[in-house]
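Reading through the structure tokens given below for one structure.
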Amino acid sequence: MYKTIPVTILIIFLVLVTGCASLKSEFKEPTVSVISFRALPSRGMAPSFEIGLHVTNPNRFSLALAGVSYTVSIEGREIVTGVANDLPEIEAYGEGDITLQATADIVNSIGLLADLVKQPRDTFAFELDALLDLGGIYPDLHVNKKGKISLAPIQG
């Protein structure tokens, strides 16, 4: 009787491992694109930004995005870090947009502002590093995008 318990446990373990492996093989990594990155009218001295992401889900099941954590660097300086959890569900074989709004930490922005005073310009290099929590058993999705942003005042 006691000899069959280890064999039973081993069989259960193998079934679970095989089942999880088959689930993972069906998962196709979603793609994430930066569709907008713009300066917003700021409140006080700290600049505010709106970051638009477009997520494409190539899977036959929907993705309930649990959250995102992100860091934005401008001209190599880490300016914004943030999180969001009010995210849309991306339907199976569907697409959706995520809008992140962030205000820069003024202490971390001082170097960028000093650069702007020394060498005025309207366009800066940015880098977005984000981690999307896809929820459940799916792996987190790491996104790293680089581009240019205009900090010219918004005409309105």
Side-chain angles (χ1 to χ4, degrees), residues 16-17 19-156:
L16 288 173
V17 168
C20 290
S22 67
L23 285 174
K24 186 171 176 120
S25 66
E26 291 181 24
F27 179 75
K28 297 175 189 134
E29 188 171 289
T31 57
V32 179
S33 304
V34 177
I35 56 173
S36 65
F37 192 120
R38 64 186 185 102
L40 297 174
S42 61
R43 294 170 292 192
M45 291 188 62
S48 296
F49 302 96
E50 181 179 88
I51 306 161
L53 304 178
H54 184 76
V55 181
T56 303
N57 179 11
N59 294 289
R60 62 180 175 180
F61 46 84
S62 64
L63 297 173
L65 300 174
V68 60
S69 62
Y70 58 93
T71 301
V72 177
S73 298
I74 298 179
E75 292 295 320
R77 299 176 189 276
E78 191 173 290
I79 302 297
V80 175
T81 58
V83 294
N85 63 4
D86 187 18
L87 304 173
E89 182 170 321
I90 310 299
E91 296 298 323
Y93 300 111
E95 301 177 8
D97 293 334
I98 299 170
T99 302
L100 306 173
Q101 291 190 359
T103 301
D105 182 333
I106 191 67
V107 173
N108 292 339
S109 301
I110 290 174
L112 179 62
L113 295 174
D115 286 349
L116 182 58
V117 169
K118 288 178 189 175
Q119 186 179 29
R121 58 187 185 264
D122 290 337
T123 305
F124 292 85
F126 80 87
E127 181 175 1
L128 170 71
D129 194 35
L131 189 66
L132 276 78
D133 181 349
L134 301 178
I137 60 171
Y138 308 113
D140 291 343
L141 179 61
H142 182 255
V143 178
N144 184 272
K145 300 289 181 178
K146 297 178 182 181
K148 299 280 185 185
I149 179 176
S150 174
L151 296 180
I154 297 174
Q155 303 297 321

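What you are looking at is a predicted structure, and each value in this text was computed from that prediction instead of being measured.
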So how far is it from [X] [atom1] to [Y] [atom2], rounded to the nearest 0.5 Å?
| X | Y | atom1 | atom2 | value |
| --- | --- | --- | --- | --- |
| Asn144 | Leu131 | CG | CG | 11.5 Å |
| Asp140 | Ser69 | CG | OG | 8.0 Å |
| Phe124 | Lys148 | CZ | NZ | 10.0 Å |
| Glu127 | Lys146 | CD | NZ | 4.5 Å |

Would you say [X] and [Y] make side-chain contact, with heavy atoms under 4.5 Å?
| X | Y | result |
| --- | --- | --- |
| Thr99 | Ile51 | no |
| Val72 | Ile79 | no |
| Tyr70 | Leu53 | no |
| Leu128 | Val34 | yes |
| Glu29 | Leu141 | yes |
| Phe27 | Leu134 | yes |
| Asp133 | Val68 | no |

Q | Glu78 side chain to Ser73 backbone, donor-acceptor under 3.5 Å | A | no

How close do [X] and [Y] get, heavy atom to heavy atom, and via which atoms?
| X | Y | result |
| --- | --- | --- |
| Ser33 | Lys145 | CA-CE, 4.4 Å |
| Ser48 | Thr103 | OG-OG1, 3.3 Å |
| Pro88 | Ile98 | CD-CG1, 4.0 Å |
| Leu100 | Ala84 | CD2-CB, 3.8 Å |

Q | Residue from Asp129, Val32, Leu132 passing side-chain contact (heavy atoms from CB on, under 4.5 Å) with His142 | A | Asp129

Per-pair distances, 0.1 Å, donor-acceptor, side chain in residues 56-65, under 3.5 Å, sequence neighbours excluded:
| unit_1 | atom_1 | unit_2 | atom_2 | d |
| --- | --- | --- | --- | --- |
| Asn57 | OD1 | Asn59 | N | 3.0 |
| Asn57 | OD1 | Asn59 | ND2 | 2.9 |
| Asn57 | ND2 | Phe61 | O | 2.9 |
| Asn57 | ND2 | Ile90 | O | 3.4 |
| Asn57 | ND2 | Glu91 | O | 3.2 |
| Asn59 | OD1 | Lys28 | N | 2.6 |
| Asn59 | ND2 | Lys28 | O | 2.7 |
| Arg60 | NH2 | Glu26 | OE1 | 2.7 |
| Arg60 | NH2 | Glu26 | OE2 | 3.4 |
| Ser62 | OG | Glu89 | OE2 | 2.7 |

